Amino acid sequence: MIEDVLNAKFSRRDFLKGTLAATAAAAGLGIANGGENRLKASAEGTAPAGAPVVSDAAEGGKWVAAPCWHNCGGKCLVRAYVKDGVILRQGTDSFNTDDEVNRQQRACLRGFSQQYQARGLDRLKYPMKRKNWSPDNPNPELRGQDEWERISWDEAATYIHDEIERINSTYGDNAILTFGGGCSSLLNKLNINYLNSWTTSSWGTWFAPGVFGWGDGCNYYDCNNDRLDFMNCDYVVAFGYNPAWAALGNATNYAVAWKNAGVKFIIFDPIYTDTSAILDAQWVPIRPGTDMAAMMAMSYVLLEEDKDGSLIDWDFLDRCCVGQDKDHMPADVKSDENYFDYLRGEYDGIPKTPEWAEEITGVPADTLREVARILGKDNNVALLSSWASARTYDTEQLPQTAIALGAMGGHIGKSGNSVGPTAWNHTNNFGPRLVKAGSGGSSGATGGTGAATPICDNQIWKAVKGEAFNPTGIFTALNDAGPDGWKDVVSGYDLTKKVEYIKAPIKMIWTTNKAKLTTCEGAKEGVEAMRSVEFVVGQGHFLTATNKYADIVLPITTNWEREGSYVWEGYMNRDILLINRGMLDPFYESKSDDEAMMTIGAKFGLAPEMWGTVSEKQRLFNAVATSTVIKEDGESWENLVSITEDDIKEWGVEGEPQEGRVPIAKYMEDGLYRVDRHIGDNFGFIHKKEFRDDPEGHPITTTSGKIEFACQAWADILNSQGYSEEEYSAIPKYRVPTQGYEETFVDGKLGGEKSEYPLQCINPHYQRRSHSIFDNVPWLREACPNPVFLAKKDAEARGIADGDTVKIASKYGETLRKAYVTARLMPGVVGLPHGPWIRVDEKTGIDQSGSENYITGQVARGLGCSGYNTLNVEVSKYSEEIPDDKDVPQTILFD
Ligand SMILES: Nc1nc2c(c(=O)[nH]1)N[C@H]1C(S)=C(S)[C@@H](COP(=O)(O)OP(=O)(O)OC[C@H]3O[C@@H](n4cnc5c(=O)[nH]c(N)nc54)[C@H](O)[C@@H]3O)O[C@H]1N2
Ligand SMILES: Nc1nc2c(c(=O)[nH]1)N[C@H]1C(S)=C(S)[C@@H](COP(=O)(O)OP(=O)(O)OC[C@H]3O[C@@H](n4cnc5c(=O)[nH]c(N)nc54)[C@H](O)[C@@H]3O)O[C@H]1N2
Ligand SMILES: [Mo]
């Protein structure tokens, strides 16, 4: 059904048919019962396995707010109808009004499947150990293929205690590598120094925006205009933009409202996406990893064709930008290279003409000229870039290139014009928050001196194997520092020197809330690494791809089995605030991560109070009580909730009555508060307006306070890290990306003989999952089969028909999938969806799940950015057929 939508092959009629089918299917998911995959109620079996979803007439239950907490950025409301500790049905936002400006926050097909995620029969029920693991005889090579034995929490805690003690006393610092933060509270309190990993995962190269003056750390809310202002654009020109798949919630609805207001869309993307179809966009197919070349060529056209300011906003450049030409050089730049002369070919003899870019990007030179003219100063244009095109190797200067292109047309700081990234939680909805979560206060936990040394994801598996790695984790530091704080971070390093790499004696791996064997580059090497250490612990909800390679696995509760919490407000639109309420008993013997750590900590003699003395409920109450919402005037704020003495009594917490916008009981039951918008309200936001109007009075966070076409600080940071050999300059320069289009040719010679891996592979974020999460849910497996998307021309050239089992091979690994042959993909590009749980055939070493990271490699470049979308592959027909994912049995362990 969903796939029919993808394959609508350009026909608007077909597309609409497909959309309706998908809507009907999603609606069906909300109300239908799930056949054999039914709910199992609780450890005590308070309701029979497979308790049916009752009809609307069910009485006596209660609606509880249970919004999704997963990392898809969808910000949607899920509600659960619960009776006697059993979920009887799910609902969503059906109480708010729904129009073009104010949308209901309706759940998607994943949200409606949440019950089979949070209460699925394949949830982990008990602590387990591998059958062939014992401290004296660990049989590490059997990780990933062994059977499992149920053990008690006490046994599990004793094993883990003994192994930590042994490993720590034998090898000392940095012998334990952790994935996710769930175990750090224990290691910190034990004063053990350990390792963790960092990645630019989402943002790719858009990740240190303070340095070039865009956004606040990794919070990109304030990097584009308010969504209602987008109705004033003539054009939205976007690079890699598919909210219809990768930003569920209302992002696509908001863009449809812009379209209805007359905005025209031009979308550069290797795929003719559902977003392009819905928005009637002009689709510009572009090769992955080459956006910088297209942007540079369009800047070149603006320079070439500008007649006395007909296209370029010279006044804006003069007042607000530096580094563009020799008369505007920032003081700190070490070379005298300026960007316009680079475009003209003054330094390398290569003018960055549309013809130069056509050969690299595959975009016809005339199209680049046409779009460049649209980007001239007389049109109102928003220039958006998703993170996907920045999740590519060697594009660390892409953000600068995009901002420079937008700045040349003056599309910054005024209504109807905006330049910045768009993806994930903030897609199509920007500006400071209108309703803010309060603070729960301290839990009273006490720390310890244990600290983590960070390793870049692109180096972790090699580090496990004993190779040296960069231990600075500068990404995390820059991210945590906020927009201005980058200057303090940088002052703590000597950027004139290369970072010193270190080695670590990694003997234990501990996975909590991360899915590294699914989401990190180089999973094939990852499997070897997991099998090379002495001890592996996993804890979570399922026997995920990563937990499967552990020796001991611990069952952890989901949010539905906890007190409740704010869904992190960073995950949400500026105009809504969701709250999550726990409602179920822990599933079988599962514990929260903290309870699990207390249990293990007790074996070391640590008291549970070290994990905090203020109850979760009290902190939840405090956070809700101190939440605030903006008033109509757009300036003053009031409490979000009103609280009475009775409420405080009912909660059983300490607190004071207060006045507020809505009664606390209503807010908790709805699970959502929305600030309603209307055109002309006081909540508008024009990004960088103050700066444009008065650049000296309102400098941005760059060194010079202006937009830096030449940014020495960024180049210095890049050059100090030691990931790339070739020096970075202050001005952006096109670099041939590792595993990019150029490498699909022998010796990188464009237009020459094709290499062994002649195709480019990208990883669209896919509806079945939020990353790895939900991959195991049978409903979703049926609705979203997770094929590999192949361009018709490429499939025909290889004798591949729709539905054939094919092997996708890179120099790093091989995986199998059913082919989905479509004309909606640019020839030369392969779309392998992000996030399946690896399933390796031990005999062949080939993955059966379509895991994209089983075929990516550990490649650290530039600033260690995640470059998933630059990968060269070959696709061939496979000799055997693989089953559809929906026919692969669930892993259900123990009753
Ligand atoms: N369903 C679902 N949604 C998700 C997630 C999920 O796992 N599942 N994950 C969420 C998270 S954490 C994130 S960070 C976001 C990511 O959000 P995005 O980065 O926007 O998502 P992608 O699907 O990777 O890519 C968007 C589009 O970019 C195109 N593209 C890929 N490479 C290039 C390139 O080099 N140049 C150009 N011009 N286009 C390119 C792809 O074809 C795709 O259509 O998605 C969020 N939304
Ligand atoms: N090749 C390729 N790789 C990619 C991407 C891509 O586009 N291409 N996208 C990247 C992006 S944008 C992102 S954001 C990352 C995401 O990478 P991850 O953060 O690793 O992905 P998730 O699947 O969200 O993993 C979360 C894991 O934690 C578990 N979990 C959830 N809650 C808890 C809890 O309370 N306790 C415990 N113990 N476990 C819990 C979940 O079950 C799941 O296994 O992936 C990146 N990887
Ligand atoms: Mo992400």
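Each ligand, and each atom within it, is numbered from 1 in the order the structure gives. All figures in this text were calculated on a predicted structure; none of them were measured in a lab.
Not a single heavy atom of Gln117 lies less than 4.0 angstrom from ligand 2. By the 4.0 Å heavy-atom criterion, His765 is counted among the residues contacting ligand 2.
Among Leu124, Thr511, Asn513, the residue whose heavy atom sits closest to atom 27 (C) of ligand 2 is Asn513. For atom 13 (C) of ligand 2, the candidate residues are Glu852, Gln539, His771; the nearest heavy-atom contact is made by His771. By heavy-atom distance, the residue among Gln760, Arg391, Arg110 lying nearest atom 24 (O) of ligand 1 is Arg391.
For atom 3 (N) of ligand 2, the nearest protein heavy atom (residue, atom name, distance) is Asn853 ND2, 3.0 Å.
The shortest N or O to N or O distance between Trp245 and ligand 1 is under 3.5 Å. At under 3.5 Å, not a single nitrogen or oxygen of Ile762, backbone or side chain, sits near a nitrogen or oxygen of ligand 1. The shortest N or O to N or O distance between Pro270 and ligand 1 is not below 3.5 Å.
Residue Ile286 touches ligand 1 through its side chain alone, judged by heavy-atom distances below 4.0 Å. With a 4.0 Å cut-off on non-hydrogen atoms, Ser202 touches ligand 1 through its backbone as well as its side chain. Using a 4.0 Å cut-off between heavy atoms, Thr275 makes no contact with ligand 1 at all. In Arg769, the part holding a heavy atom less than 4.0 Å from any atom of ligand 1 is the backbone. Residue-level proximity to ligand 1 for Trp203 is absent, since no heavy atom of it falls below 4.0 angstrom.
Checked by atom type and distance alone, the side chain of Arg287 never pairs as donor or acceptor with a backbone atom of Tyr741 at under 3.5 Å. No donor-acceptor pair under 3.5 Å is formed between the side chain of Thr367 and the backbone N or O of Val363.
Salt-bridge formation is not detected for the pair Arg839/Asp847: no Lys NZ or Arg NE/NH1/NH2 atom is positioned less than 4.0 Å from an Asp or Glu carboxylate oxygen.
In terms of the side-chain hydrogen bond (donor to acceptor under 3.5 Å, both in side chains) criterion, residue partners of Arg123 (sequence neighbours excluded) are, by chain and number, Glu561.
Remark: of the listed residues Thr395, Thr392, Thr870, Asp394, Asp394 is the sole one forming a side-chain hydrogen bond (donor to acceptor under 3.5 Å, both in side chains) with Arg861.
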